[in-house]
Amino acid sequence: MAQDREILRMIWEGQIAICFQADPDEIVGLQQPENFHLMVSRLSYLPLVTDKVKKFFSRFIANDQSDGVVWFDYNGIPLKLHYPIGVLHDLLRAEDDNHPWSLTIHFSKFPEDSLVKFDTKDILESFFMSCLKEADVLKHRGQVISAMQKKEHNQLWSGLINDKFDQFWAVNRRLMEPGAEQDTFKHIPIRFYEEDSAYMQKLISPLTETGQKKTLHDLLIEISTPVRNAVGFRTHGIDVHCDTQLQWMSEHLSYPDNFLHLLVFYENV
């Protein structure tokens with residue numbers, strides 16, 4: 001089980017400064033709205049902050065657009081609404097953290113060819129719970145999450161959206177306990193990202209063939225290919241040392257969906 005509580009809280013409290021701006025083509029009238037600034041949790045999702053941003057800009061938007069599905073872009077790149085905000089930031093803004101991250105909010109022309117609509121919190125909650133269940137299948141064959149009551153599932157989601165660390169971890173700690181017969185998970189839930197591309201997954205064991213706990217160095221070798229050599233990983237805005245054990249990372253650096261979200265750096269060979 002995750003033991004380093006201070007690290008868990010530090011990860012939980014990680015925030016990103018975002019400067020939201022309106023799409024000039026959607027503004028009604030001559031008055032341009034000021035930008036809207038927010039500090040948002042790295043662990044949260046854009047649909048969970050949409051209400052505040054939408055309320056600020058809606059009075060400048062035509063009535064026939066204000067009820068549409070809101071979406072965001074960064075430098076013209078539509079942002080996937082089901083990716084944690086911290087993952088999006090690490091993928092698209094890994095460097096130059098001296099200024100707020102500038103995002104544009106859109107009230108129309110939803111890019112259905114590149115984004116999935118998450119226009120209600122219920123849809124996002126359903127997606128989040130499906131990720132939790134998938135992660136637990138990898139770690140415990142699904143036995144932990146299936147043994148929980150509905151109110152405990154609700155407590156995980158409520159703790160996340162209301163920024164309640166103790167409430168969330170009172171339940172999540174059970175998902176972070178290794179199996180009864182060993183001190184590791186069966187597999188490590190990991191999603192790998194390459195720059196701004198979609199994530200990929202592989203079945204990753206926490207142990208080497210000799211039974212030692214696998215490190216990031218071992219993982220670098222495992223995911224490298226003849227044409228591309230993996231040289232490093234970043235998560236939560238941190239470049240993680242290659243001697244870090246995967247089991248420890250899974251227990252302490254996973255996002256609330258219980259996946260490690262790792263940005264991979266490659267060196268062409």
Side-chain angles (χ1 to χ4, degrees), residues 1-20 36-53 72 74 77 79-103 118 121 124-125 127-128 131-132 135 155-173 175-176 188-196 199 216 232-242 244-265:
M1 184 179 70
Q3 297 292 338
D4 296 334
R5 188 174 179 83
E6 291 184 4
I7 293 176
L8 299 178
R9 186 173 288 278
M10 181 179 65
I11 294 298
W12 183 272
E13 293 177 350
Q15 292 187 318
I16 297 170
I18 300 183
C19 172
F20 293 96
F36 183 61
H37 294 78
L38 275 180
M39 293 294 295
V40 302
S41 170
R42 277 184 154 270
L43 306 182
S44 189
Y45 299 85
L46 283 171
L48 298 181
V49 302
T50 293
D51 288 347
K52 291 181 180 179
V53 185
F72 303 86
Y74 171 67
I77 302 173
L79 299 182
K80 293 180 170 59
L81 301 175
H82 60 297
Y83 280 22
I85 293 172
V87 173
L88 291 170
H89 183 270
D90 289 350
L91 285 171
L92 301 172
R93 179 93 183 279
E95 307 296 337
D96 186 21
D97 269 342
N98 294 325
H99 303 285
W101 194 25
S102 184
L103 304 183
F118 284 82
K121 291 181 180 178
L124 184 61
E125 179 183 3
F127 170 80
F128 175 77
C131 290
L132 273 179
Q155 184 173 329
L156 287 166
W157 178 245
S158 177
L160 173 61
I161 66 174
N162 294 312
D163 194 23
K164 301 293 186 182
F165 173 85
D166 291 329
Q167 178 181 335
F168 178 85
W169 272 97
V171 178
N172 195 59
R173 62 179 180 80
L175 294 167
M176 291 300 174
I188 303 292
I190 303 180
R191 289 178 174 170
F192 300 99
Y193 301 80
E194 303 171 5
E195 297 177 346
D196 62 349
Y199 66 78
L216 276 186
F233 298 102
R234 174 177 294 149
T235 187
H236 301 290
I238 304 166
D239 292 342
V240 188
H241 196 279
C242 64
T244 308
Q245 292 180 347
L246 292 187
Q247 178 66 32
W248 185 92
M249 284 186 64
S250 187
E251 293 180 20
H252 297 88
L253 301 183
S254 291
Y255 275 75
D257 62 7
N258 275 227
F259 274 86
L260 281 173
H261 295 266
L262 301 181
L263 174 60
V264 189
F265 298 102

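Numbers for residues simply follow the sequence, beginning at 1. Reckoned from all heavy atoms, side chains included, excluding hydrogens, waters and symmetry mates.
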Just so I know, are the side chains of [X] and [Y] near enough to count as touching, which here means a heavy-atom distance under 4.5 Å?
X	Y	value
Leu216	Leu246	yes
His82	Cys131	no
Ile18	Val49	no
Leu156	Phe168	yes
Asp257	Tyr45	yes
Phe72	Leu81	yes
Asp163	Trp12	yes
His236	Leu253	yes

Got a second to check how far [X]'s [atom1] is from [Y]'s [atom2], nearest 0.5 Å?
X	Y	atom1	atom2	value
Ile7	Arg5	CD1	CZ	13.0 Å
Arg42	Asp90	CZ	CG	4.5 Å
Leu263	Tyr193	CG	OH	10.0 Å
Gln15	Leu43	CD	CG	10.0 Å
Leu260	Tyr255	CG	OH	10.0 Å
Gln245	Ser250	CD	OG	12.0 Å

**OP:** Can you tell me which residue pairs pass the salt bridge (Lys or Arg N to Asp or Glu O under 4.0 Å) test with a partner in residues 7-17, sequence neighbours excluded?
**Re:** Arg9-Glu13, Arg9-Asp166

**OP:** Kindly write out the residues that satisfy salt bridge (charged side-chain N to carboxylate O under 4.0 Å, His left out) with Asp239, not counting sequence neighbours, or none if the list is empty.
**Re:** Arg234

Subject >> Residue list, salt bridge (charged side-chain N to carboxylate O under 4.0 Å, His left out) with Lys121, at least two apart or on another chain >> reply: Asp51

Results of side chain to side chain donor-acceptor pair (under 3.5 Å) for [X] - residues two or more places apart only:
X	answer
Trp157	none
Asn258	Lys139, Asn172
Gln247	Glu251

Original post:
Stepwise, does the side chain to side chain contact (heavy atoms under 4.5 Å, CB included) test hold for Phe233 with Val264?
Top reply: CA-CA 5 Å; Phe233 298 102; Val264 189; 3.8 Å; yes

Parallel, tilted or perpendicular: which describes the rings of [X] and [Y], with under 30° parallel and over 60° perpendicular?
X	Y	answer
Tyr83	Tyr199	tilted
Tyr74	Trp101	tilted
Phe118	Phe127	perpendicular
Phe165	Trp169	tilted

Subject >> Trace of the side chain to side chain contact (heavy atoms under 4.5 Å, CB included) decision for Leu88 with Leu46 >> reply: CA-CA 10 Å; Leu88 291 170; Leu46 283 171; 3.9 Å; yes

Residue pair [X] / [Y]: nearest heavy atoms and the distance that separates them:
X	Y	result
Leu160	Phe128	CD2-CE1, 3.8 Å
Gly159	Gln167	N-NE2, 3.4 Å
His252	Asp4	NE2-N, 3.3 Å
Phe259	Ile190	CD2-N, 3.7 Å

Subject >> Leu262 backbone acceptor or donor facing Thr235 side chain under 3.5 Å >> reply: no

**OP:** I would like to know whether Ile188 and Met249 meet side chain to side chain contact (heavy atoms under 4.5 Å, CB included); could you show each step before the answer?
**Re:** CA-CA 9 Å; Ile188 303 292; Met249 284 186 64; over 6 Å; no

